[in-house]
Amino acid sequence: MLHTTPTEPAALARRPDTVGPLAGATPTTRRLADASISLNTRRAYLGALRRLDAWRGAAPVDDASLAVYLGELFEAGRAPATAALAVAAVRFRAKLAGQPDPAGEATARVLGGYRRTAADRGRGQAAPLSADGLAAILATAERPRTDGRGVESHTTAQRRGRLDAVIASLLFMGGLRRSEVSALEWRDVSDARDGDGVLITVRTSKTNQEGDAADVRYLKNGAAKAIRTLRAAAAAAAPTDRVIGLSPLQIQRRFTAAARAAGIEARLTAHSGRVGLASELTARGASTTEVMLAGNWKTARMVAHYSAGATAERGAVRKYL
């Protein structure tokens with residue numbers, strides 16, 4: 001039975017462990033253990049635990065109370081991902097404290113029913129960015145825009161536009177997540193041997209947090225030109241300098257602003273590039289394996305989810321009826 005004060009132990013290992021198996025470990029050992037999950041995951045866990053701890057008060061967290069909490073989340077209209085995050089956070093906290101897993105059969109059954117019953121909840125899938133949409137963004141990126149201070153100068157618009165064009169190219173043709181775009185360094189950009197394309201090495205990602213798996217993406221045409229143009233403008237940059245130099249949230253805002261300026265009416269998010277890549281490649285006849293390799297998807301299920309519309313358009317009804 002787990003009974004801790006909010007967000008313990010040690011704020012999920014952001015400070016030296018005072019309990020659990022690493023209580024007497026060296027600073028280096030604790031630092032390595034601290035790096036076992038990404039900063040974004042740690043933040044998500046801490047937020048989930050704060051909400052759980054505020055709900056439970058002085059009550060312990062065990063299999064029964066955790067199952068009840070999931071019921072509360074369901075009644076509040078939360079998506080299954082929120083419930084799964086709460087369970088994962090509780091289990092991780094218990095593991096850090098060297099305590100038994102508090103999530104048992106009751107939690108597993110309730111979470112399973114939650115996923116089945118509330119499968120349609122959540123923010124929904126982002127609208128896809130198409131290849132034509134990327135072309136529109138690239139064509140309009142450097143046009144002066146009007147903001148609260150007036151119309152941009154040509155120099156300001158060109159500087160902003162170069163960055164916006166690369167952001168859109170990486171999100172769509174590279175299939176990068178916004179966190180991966182934010183983390184990209186100039187040493188991760190190289191020319192392809194074919195003389196036309198540009199290779200992008202993704203060192204760490206949501207599904208490869210240790211950076212131990214090869215993950216290289218290929219950009220061509222306008223996307224490759226955009227990043228070469230930015231590289232030329234940043235000729236004095238060091239290899240470890242960030243390509244974009246913006247936070248994931250800033251990248252999200254820049255991308256959506258560029259899409260609006262290009263006349264794209266669909267409500268896009270930074271994830272629209274990744275969704276659009278899968279959909280566009282499928283529509284053009286790429287196999288599931290080819291799509292998985294292009295965007296480094298780990299499962300065919302996610303590719304099928306993102307490209308469902310394109311798959312239907314290429315299906316038997318269109319061919320034979």
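Worth knowing before you read on, the calculation uses all heavy atoms, side chains too, and leaves out hydrogens, waters and symmetry mates.
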Would Arg274 count as a cation-pi partner of Trp297, with NZ or CZ less than 6.0 Å from the six-membered ring centre and within 45° of the ring normal?
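Yes.
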Is there a donor-acceptor contact under 3.5 Å from the side chain of [X] to the main chain of [Y]?
{"X": "Ser65", "Y": "Pro60", "answer": "yes"}
{"X": "Thr146", "Y": "Val151", "answer": "no"}
{"X": "Arg187", "Y": "Pro239", "answer": "no"}
{"X": "Gln158", "Y": "Thr155", "answer": "no"}
{"X": "Gln250", "Y": "Ser247", "answer": "yes"}
{"X": "Asp101", "Y": "Arg91", "answer": "no"}
{"X": "Thr201", "Y": "Arg203", "answer": "no"}
{"X": "Glu75", "Y": "Glu72", "answer": "no"}
{"X": "Asp188", "Y": "Glu185", "answer": "yes"}
{"X": "Glu142", "Y": "Gly161", "answer": "no"}

Find out whether [X] and [Y] are in side-chain contact, i.e. whether some heavy atom of one side chain is under 4.5 Å from a heavy atom of the other.
{"X": "Asp53", "Y": "Arg93", "result": "yes"}
{"X": "Pro128", "Y": "Ser272", "result": "no"}
{"X": "Leu184", "Y": "Ile244", "result": "no"}
{"X": "Arg43", "Y": "Thr41", "result": "no"}
{"X": "Leu129", "Y": "Leu171", "result": "no"}

Begin from the C-alpha positions of Lys225 and Asp196 and carry the test salt bridge (Lys or Arg N to Asp or Glu O under 4.0 Å) through to its verdict.
CA-CA 9 Å; Lys225 180 181 178 181; Asp196 297 321; over 6 Å; no
Can you pull the salt bridge (charged side-chain N to carboxylate O under 4.0 Å, His left out) pairs that have at least one residue in residues 299-311, sequence neighbours excluded?
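Output for this query is empty, none listed.
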Apply the test side chain to side chain contact (heavy atoms under 4.5 Å, CB included) to residues Leu246 and Ile167: give CA-CA distance (whole Å), side-chain angles for both, the deciding distance (0.1 Å), then the verdict.
CA-CA 10 Å; Leu246 298 175; Ile167 288 172; 4.3 Å; yes
Run Leu111 and Arg115 through side chain to side chain contact (heavy atoms under 4.5 Å, CB included) and show every step you take.
CA-CA 6 Å; Leu111 183 58; Arg115 286 170 167 152; 3.8 Å; yes
Can you say whether the rings of Phe74 and Tyr114 are parallel (under 30°), tilted (30 to 60°) or perpendicular (over 60°)?
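Plane angle over 60°, so perpendicular.
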Parallel under 30°, tilted from 30 to 60°, perpendicular over 60°: which one fits the rings of His271 and Tyr306?
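Because their plane-to-plane angle is over 60°, the rings of His271 and Tyr306 count as perpendicular.
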Report whether Leu199 and Val202 are members of the same hydrophobic cluster (ILVMFWY, side-chain heavy atoms less than 4.5 Å apart, transitive linking).
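No; tracing contacts between hydrophobic side chains, which count when under 4.5 Å, never links both residues.
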Can you get from Leu293 to Met302 by hopping between Ile, Leu, Val, Met, Phe, Trp and Tyr side chains that sit under 4.5 Å apart?
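Hydrophobic grouping puts Leu293 apart from Met302.
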Considering only residues two or more places apart or on different chains, which pairs with a residue in residues 236-246 satisfy side chain to side chain donor-acceptor pair (under 3.5 Å)?
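Passing the test, one end in residues 236-246: no pairs.
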Ser153 and Thr156: side chain donor to acceptor below 3.5 Å
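Result is yes, a qualifying pair exists.
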Might you work through the side chain to side chain contact (heavy atoms under 4.5 Å, CB included) test for Trp55 and Val68, ending with a clear yes or no?
CA-CA 11 Å; Trp55 171 82; Val68 172; 3.9 Å; yes
From CA spacing to verdict: side chain to side chain contact (heavy atoms under 4.5 Å, CB included), Val198, Arg228:
CA-CA 8 Å; Val198 169; Arg228 285 197 178 103; 3.8 Å; yes
Return all side-chain donor-acceptor pairs below 3.5 angstrom for residues 254-265, not counting sequence neighbours, or 'none' if the list is empty.
residue, atom, partner, partner atom, Å
Arg254, NE, Asp164, OD1, 2.8
Arg254, NH2, Arg160, O, 3.3
Arg254, NH2, Asp164, OD1, 3.2
Thr256, OG1, Gln252, O, 3.1
Thr256, OG1, Arg253, O, 3.1

Before giving the answer on side-chain hydrogen bond (donor to acceptor under 3.5 Å, both in side chains), spell out for Asp194 and Tyr218 the whole-Å C-alpha distance, their side-chain angles and the decisive distance to 0.1 Å.
CA-CA 11 Å; Asp194 61 15; Tyr218 181 87; 2.4 Å; yes
